[in-house]
K.L.:
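Structure below; questions to follow.
What you see is a predicted model; the values in this text were computed from it and never measured. Below, all heavy atoms of this structure are taken into account, side chains as well, without hydrogens, waters or symmetry copies.
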Amino acid sequence: MADKDGTKPKRKIDARWHAIHIAAGTNACPAALEIGKRRFLSKEAPKLPLPECTMPASCRCAYKHHTDRRAAPRRWSDQGGAARVRPQGERRGPRGRREDD
């Protein structure tokens with residue numbers, strides 16, 4: 001849905017799951033190529049240039065940002081599939097997990 005001025009509203013980023021991957025630059029070193037498209041939580045991402053970089057003075061690697069560490073939906077229902085129907089009915093109830101709930 002667009003704002004009044006026709007632009008898309010910015011999504012609020014949940015910092016807990018904000019992730020990055022390292023986009024290897026032109027003539028990237030083997031360390032950057034080895035990491036590939038692996039996503040890291042932002043707070044766990046390696047610093048650039050990578051410690052194993054063989055060309056730190058001319059490193060062209062950059063961070064690419066993502067709202068989530070997961071690259072694609074993992075659940076069948078998130079991918080457009082039908083939700084699983086349990087013939088015996090839902091086993092979960094309103095009761096808590098503890099005996100005193």
K.L.:
Any sub-3.5 Å donor-acceptor pair from Ser42's side-chain atoms to His18's backbone N or O?
P.N.:
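Between the backbone of His18 and the side chain of Ser42 there is a qualifying donor-acceptor contact (under 3.5 Å).
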K.L.:
What pair of heavy atoms forms the shortest contact from His65 to Ile20, and how long is it?
P.N.:
ND1-CG2, 3.6 Å
K.L.:
Do Cys61 and Leu50 come close enough that some side-chain heavy atom pair is under 4.5 Å?
P.N.:
no
K.L.:
At their closest point, which heavy atom of Cys29 faces which heavy atom of Thr54, and how far apart are they?
P.N.:
CB-OG1, 3.5 Å
K.L.:
Who passes side chain to side chain contact (heavy atoms under 4.5 Å, CB included) against Ala23, sequence neighbours left out?
P.N.:
His21, Lys64
K.L.:
Rounded to the nearest 0.5 Å, how far apart are CG of Leu41 and CH2 of Trp17?
P.N.:
7.0 Å
K.L.:
For Ala28 and Leu33, which heavy atoms make the closest approach, and how far apart are they?
P.N.:
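Answer, listing the atom of Ala28 first, then Leu33: O-CD1, 3.9 Å.
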K.L.:
Quick one: do Ile35 and Tyr63 end up in the same hydrophobic cluster if we chain Ile, Leu, Val, Met, Phe, Trp and Tyr together by side-chain heavy atoms under 4.5 Å apart?
P.N.:
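Both belong to a single hydrophobic cluster.
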K.L.:
Suppose we screen for side chain to side chain contact (heavy atoms under 4.5 Å, CB included). Which residues come up paired with Glu34, at least two apart in sequence or across chains?
P.N.:
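Partners of Glu34 under the side chain to side chain contact (heavy atoms under 4.5 Å, CB included) test: none.
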K.L.:
List for me each residue that meets side chain to side chain contact (heavy atoms under 4.5 Å, CB included) alongside Ser58, sequence neighbours excluded, and say none if there are none.
P.N.:
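Scan of Ser58 (side chain to side chain contact (heavy atoms under 4.5 Å, CB included), adjacent residues dropped) gives Met55.
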